[in-house]
Amino acid sequence: MIEVLLFLMMKPGVESTAVGTVTFENPDYCAFTGSSVQFKCFYNYSDEETVRKTSWYKGEMKDGTMQRVSLSLIPSYQNRWIYRGDYQHNCSLELHDLQDTDTGYYFFRFDTNKYGWRSKGSLYLSVTELQATVSPQRVRVGNTVTLECKTTCQLPIVWLRDGHRVTKSQFRAQAEDAGNYSCSAEGPNPKQSHPVALDVWYPPINVSIEVSGGDMLTEGSSVNLTCNSVANPAADGYTWYRTAASSTSSLLQVGSGQVLTISPMEESHNGLYVCQAKNPVGQNNSTMVLVAVGEEGINRFIVLGIRVLGIIVMLLLPLAVVCAWRRSRRSTAEEERASNDYENITVTEFK
Ligand SMILES: *[C@@H]1O[C@H](CO)[C@@H](O)[C@H](O)[C@H]1NC(C)=O
Ligand SMILES: *[C@@H]1O[C@H](CO)[C@@H](O)[C@H](O)[C@H]1NC(C)=O
Ligand SMILES: *[C@@H]1O[C@H](CO)[C@@H](O)[C@H](O)[C@H]1NC(C)=O
Ligand SMILES: *[C@@H]1O[C@H](CO)[C@@H](O)[C@H](O)[C@H]1NC(C)=O
Ligand SMILES: *[C@@H]1O[C@H](CO)[C@@H](O)[C@H](O)[C@H]1NC(C)=O
Ligand SMILES: *[C@@H]1O[C@H](CO)[C@@H](O)[C@H](O)[C@H]1NC(C)=O
Ligand SMILES: *[C@@H]1O[C@H](CO)[C@@H](O)[C@H](O)[C@H]1NC(C)=O
């Protein structure tokens, strides 16, 4: 009876002096596949005890119950964990090259010369991928694109396009939005997702005509007109039009294909040329380009000019002669008057 009482009285005392505690500085870790993590951990025990053994456990489900299995007994952890703690109060653990299967509960246990102490609670590690999705990946200009970053970690995420910050995760696609997108988690272990390409389709722009052979076209020569444009996907259909110089209103279809070859060049080919470039998204036209047999035209202009000049000269010659005679008479009269003035002035000056 006395013995029992003694036992009951002593028990609380024994417990209060022998309190083993394990403290996880952070009970929740989130880390990315392939990265490393350090669990910060401290443990306490009574002064009379000396630590003999420490070990970390992973909680594994077996037959519907969670069982603690020492990391040293799990093959997949081999060479991937380092005990960064000591035999005093530090029980930190480092895990490297994290794998998806490392996700789960972790426990710490230490054995002193007197007792074995287990952490009451556990810490949870979540190993996650950082996965970028761009939907849709191929879009027509003006349509909406949504960026999504899949991860279970509650970490601040930023989006990058070809290494540059992107501020919006939803936008109407413009041609310049095309590129490789990845999401990135900042923090002590920065991580970037695999890139995902966004392709933006747009109709041809900057459609222009390139004329081979320079400005001077001679009759009978050959000339190539090339239709250049910027488009995604590249333009795959071309139509050529010409307006005859005489009638500016009607467009005449004169060919197809990126290069229009005019050979031999004749006066009847003179005109304003337009090319239309087409891709699966749409079509657009170049500005008009004047193509004309140059030298011939200039020659004709010169000949015409001389003829017109000749007629004018013939018609105006008699008139011109009369005018010239009258003007010469008037100018002599004016000369006289002018000299008089001069005389007067000089006279005045000498007075
Ligand atoms: C650990 O134990 C010491 C005394 O042994 C005590 O001073 C300290 O407050 C304890 N720390 C924790 C976290 O329990
Ligand atoms: C103790 O814990 C810290 C983390 O808080 C760690 O950096 C250190 O290496 C640990 N080990 C020793 C022996 O100090
Ligand atoms: C995107 O990545 C692919 C291959 O990974 C590369 O061929 C392409 O040039 C990249 N695009 C840009 C805009 O950097
Ligand atoms: C289209 O032409 C303009 C003006 O010449 C130029 O600034 C622009 O860069 C061109 N666009 C493309 C996609 O080449
Ligand atoms: C045609 O191209 C010009 C630039 O070259 C562009 O401003 C215009 O929007 C385009 N038109 C269409 C219908 O795509
Ligand atoms: C026009 O293009 C053809 C082939 O596409 C080439 O043989 C010819 O020399 C070119 N003519 C001129 C005037 O550039
Ligand atoms: C380009 O010209 C063709 C022929 O005149 C016309 O049918 C078409 O609408 C024009 N396209 C644009 C974008 O202006």
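By the 6.0 Å contact criterion, CD on E148 is open, its count of non-hydrogen atoms from other residues, nucleotides or ligands being 12 or less. The 12-atom threshold is exceeded at NE2 of H96, counting heavy atoms of other residues, nucleotides or ligands nearer than 6.0 Å. For E176, the CD atom sits in a packed shell: over 12 heavy atoms of surrounding residues, nucleotides or ligands are nearer than 6.0 Å.
Within the 4.5 Å cutoff, no side-chain heavy atoms of Y57 are placed close to those of S119. For the pair K168 and Q170, the minimum side-chain heavy-atom distance is 4.5 Å or more. Looking at heavy atoms from C-beta onward, C30 lies in side-chain contact with T128 at the 4.5 angstrom threshold. In this structure, K58 and T101 have side chains that are not in contact, with every pair of non-hydrogen atoms separated by 4.5 Å or more. Side chains of W117 and V22 form no contact here, defined as non-hydrogen atoms less than 4.5 Å apart.
Taking every heavy atom of both residues into account, V223 and S212 meet most closely at CG2-O, 3.6 Å. In terms of heavy atoms, C41 sits closest to S92 at N-OG, 3.5 Å. Considering all non-hydrogen atoms of both residues, S182 and Q192 come closest at OG-NE2, 3.0 Å. When all heavy atoms are compared, the tightest approach of F107 to G121 is CD2-O, 3.6 Å. Here the closest non-hydrogen pair linking M265 and V291 is CE-CG1, 4.0 Å. Nearest heavy-atom pair, Y124 versus S126, reported as atom, atom and distance to 0.1 Å: CE2-CB, 3.9 Å.
In this structure, R138 pairs ionically with D199, as a charged nitrogen and a carboxylate oxygen lie closer than 4.0 Å. Ion pairing between K114 and E49 fails under the 4.0 Å rule for side-chain N and carboxylate O.
When the side chains of ILVMFWY residues are joined at heavy-atom separations under 4.5 Å, either directly or via intervening members, V139 and V166 end up in a single hydrophobic cluster. Following chains of ILVMFWY side-chain contacts shorter than 4.5 Å, one can reach V293 starting from V254, so the two form part of one hydrophobic cluster.
Looking at E60 and Q67, their side chains never bring a donor and an acceptor atom within 3.5 Å of each other. Donor-acceptor pairing under 3.5 Å is recorded for the side chains of S72 and S70.
Ring orientation note: the planes of Y106 and Y77 are nearly perpendicular, at an angle over 60° on the 30°/60° scale. The aromatic rings of Y83 and F108 sit parallel, their planes meeting at an angle under 30°, below the 60° perpendicular limit.
Once rounded to the nearest 0.5 Å, the distance linking CG of D102 with CG of L125 reads 6.5 Å. Here CG of D97 is found 7.5 Å from OG of S36. Values are rounded to the nearest 0.5 Å. With rounding to the nearest 0.5 Å, the separation of OG1 in T21 from OH in Y45 is 10.5 Å.
Each of V127, T151, L98 was evaluated against F32; a single residue qualifies, T151, per the side-chain contact (heavy atoms from CB on, under 4.5 Å) test. Exactly one of N224, T226, N228 qualifies for a side-chain hydrogen bond (donor to acceptor under 3.5 Å, both in side chains) with E210. That residue is N228.
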Between L93 and L71, does a side chain to side chain contact (heavy atoms under 4.5 Å, CB included) hold up when you go through it step by step? CA-CA 11 Å; L93 176 77; L71 294 188; 3.9 Å; yes

Derivation and outcome, ring-ring contact (aromatic ring centres under 6.0 Å, His included), residues Y29 and F39: CA-CA 8 Å; Y29 286 86; F39 301 148; 5.0 Å; yes

For F24 and D28, what are the C-alpha separation, side-chain angles and deciding distance, and is it a side chain to side chain contact (heavy atoms under 4.5 Å, CB included)? CA-CA 9 Å; F24 299 124; D28 253 310; over 6 Å; no

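At distances below 3.5 Å, at least one donor-acceptor pair connects side-chain atoms of K191 with backbone N or O atoms of T33. Checking side-chain atoms of Y115 against main-chain N and O of F110 turns up no donor-acceptor pair under 3.5 Å. Panel note: side chain N284, backbone I205; no donor-acceptor pair is recorded below 3.5 Å.
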Would you tabulate the side-chain donor-acceptor contacts of residues 273-281 under 3.5 Å, counting partners in other chains and residues two or more places apart, or write 'none'?
residue: Y273; atom: OH; partner: H269; partner atom: O; Å: 2.6
residue: Q276; atom: NE2; partner: Q283; partner atom: OE1; Å: 3.2
residue: N279; atom: OD1; partner: V281; partner atom: N; Å: 2.9
residue: N279; atom: OD1; partner: G282; partner atom: N; Å: 3.1
residue: N279; atom: ND2; partner: Y202; partner atom: O; Å: 3.0
residue: N279; atom: ND2; partner: P233; partner atom: O; Å: 2.8

Return all side-chain donor-acceptor pairs below 3.5 angstrom for residues 154-161, not counting sequence neighbours, or 'none' if the list is empty.
none

